[in-house]
Amino acid sequence: LSHCGACGNACSNAHGSTSCLAGTCAPVCTPFFATCDNNPANGCETNLKTVANCGACGNACSYANGTPACPVGVCELAACNTGFASCDGQTANGCETPLSTLQNCGACGAPCALGANAATMTCATLQCQVETCQPGFADCDNLPANGCEANLNGSPLHCGACGIACTNAHGSTTCGGATCQPTCADGFSDCDGNPTNGCETSTKATCGQCTAAGLTCRDILSRDATAASGVYLIDEDGDGARAAHTTYCDMTTNGGGWTA
């Protein structure tokens, strides 16, 4: 075997046995090995349990959108790429089905149902999601099952847009026409022009009018010793160029009259 057909031409075989017949190495392979390089001198060099040579020399395994394997000398579909699946049960065509469609969203046969008040759905992230809503509605809780659950024209929690809540510490409030509509308690008014925070300003000292109650918080307290802490409209320079503005007045700490 060391000089088969010529001096120094040795026959070897790491995966089987070999002999020298008529001056030519003649390897005999163990199962799942073969001589694929047309060089009998190095024996059965090729493993037939690889995806490049699966069961036979040059028999490569390949699947659309999937990962092949060859554990027993036969091509197998080991796994599908993310976002694809074999929904028809046919291995030959690999992972033929994209899981980003409304018919197969995240799994075979998992459709996206059109939620309440939703206009269109999407499965771009392999999960059903609301894409667009009917006018006047929104998906504020990001739960596709209940669709566009928020009525932007009437929900005090989502008035005009998700998360825009109508509040009113001094009265009541509703949402109508996508706008907060506060109703003020006696002695309070909406003086900052922001309906979402309700009737924020105490106007007891100005008979309900959004005019300055004083130059400063201390000035207000000096005029009305019963004035409570809260938001007031003050005009620090009187008839000067600076416009009146709202501020919180602390009427209790250390005698009161403090601008917070």
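Because the structure is a prediction, the values reported are computed rather than measured.
Of the inter-residue distances, the one linking Lys204 atom NZ with Asp186 atom CG reads 9.0 Å to the nearest 0.5 angstrom. In this structure, the separation between OG1 on Thr179 and CD1 on Ile164 is 11.0 Å, given to the nearest 0.5 Å. Here Leu126 contributes atom CG and Asn104 contributes atom CG; the two are 11.5 Å apart, rounded to the nearest 0.5 Å. The OG1 atom of Thr203 lies 9.5 Å from the CG atom of Leu233; values are rounded to the nearest 0.5 Å. Interatomic distance, Asn151 CG to Asn117 CG, rounded to the nearest 0.5 Å: 8.0 Å. Note that the CG atom of Asn13 and the SG atom of Cys29 stand 6.0 Å from one another [nearest 0.5 Å].
With hydrogens and angles ignored, the 3.5 Å screen pairs no side-chain donor or acceptor of Gln127 with any backbone N or O of Gly106. Between the side chain of Ser2 and the main chain of Ala10, no donor-acceptor pair closer than 3.5 Å is present. For the pair Asn65 (side chain) and Cys95 (backbone), a donor-acceptor distance under 3.5 Å is present. Judged by distance alone, with hydrogens and angles left aside, the side-chain atoms of Thr247 form no donor-acceptor pair with the main-chain N or O of Tyr232 at under 3.5 Å. Between the side chain of His158 and the backbone N or O of Gly163 there is at least one donor-acceptor pair closer than 3.5 Å.
Across Glu131 and Met121, no two heavy atoms sit closer than the pair OE1-O, 3.8 Å. Minimum interatomic distance between Ala150 and Cys140 (heavy atoms only, all atoms of both residues): CB-SG, 3.6 Å. Of all non-hydrogen atoms in Ala85 and Cys80, the two that sit nearest each other are CA-SG, 3.7 Å. Across every non-hydrogen atom of Asn146 and Asp141, the tightest pair is ND2-OD2, 2.7 Å. Contact between Ala212 and Ala244 at its shortest, heavy atoms only, is CB-CB, 4.4 Å. Taking both residues in full, the closest heavy atoms of Ala64 and Asn93 are given as CB-O, 3.9 Å, listed atom of the first, atom of the second, then distance.
Both Ile234 and Leu221 are part of a single hydrophobic cluster, where members link through side-chain heavy atoms under 4.5 Å apart. A single hydrophobic cluster is seen to contain both Val130 and Leu114, as judged by linkage of ILVMFWY side chains at heavy-atom distances under 4.5 Å, directly or through other members.
You'll find the side chain of Pro40 reaches within 4.5 Å of the side chain of Pro27, heavy atoms only. For the pair Thr35 and Glu45, the minimum side-chain heavy-atom distance is below 4.5 Å. At a threshold of 4.5 Å between non-hydrogen side-chain atoms, the residues Cys148 and Gln134 do not count as touching. Under the 4.5 Å side-chain criterion, counting only non-hydrogen atoms from C-beta, Glu200 is in contact with Asp190. Side-chain contact between Asn53 and Asn47 is absent, with no heavy-atom pair separated by less than 4.5 Å. The shortest distance between side-chain heavy atoms of Glu96 and Ser86 falls below 4.5 Å. Within the 4.5 Å cutoff, the side chain of Glu149 has heavy atoms near those of the Asp139 side chain. The shortest distance between side-chain heavy atoms of Phe84 and Ser100 does not fall below 4.5 Å.
Cys11-Cys4 SG separation is not under 2.5 Å; the pair is not scored as a disulfide. Under the 2.5 Å cut-off for SG-SG separation, Cys128 and Cys112 qualify: their sulfur atoms lie closer than that.
Surrounding CG of Asp237 are more than 12 heavy atoms belonging to other residues, nucleotides or ligands, all under 6.0 Å away.
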What do the steps show when you test Cys210 against Cys191 for disulfide (SG to SG under 2.5 Å), and what is the final call?
-> CA-CA 6 Å; Cys210 288; Cys191 294; 2.1 Å; yes
Steps toward disulfide (SG to SG under 2.5 Å) verdict (Cys159, Cys180) = CA-CA 7 Å; Cys159 191; Cys180 294; 4.0 Å; no
Show the numbers, then the answer: is there a disulfide (SG to SG under 2.5 Å) between Cys61 and Cys70?
-> CA-CA 8 Å; Cys61 302; Cys70 183; 4.9 Å; no
Determine, stepwise, if the pair Cys25 / Cys20 fulfils disulfide (SG to SG under 2.5 Å).
-> CA-CA 4 Å; Cys25 294; Cys20 181; 5.8 Å; no
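The side-chain contact (heavy atoms from CB on, under 4.5 Å) test with Pro182 singles out one residue from Cys166, Ser172, Cys199, and that residue is Cys199.
Using a 3.5 Å distance cut-off with no hydrogens or angles, the side chains of Ser189 and Thr201 do not pair a donor with an acceptor.
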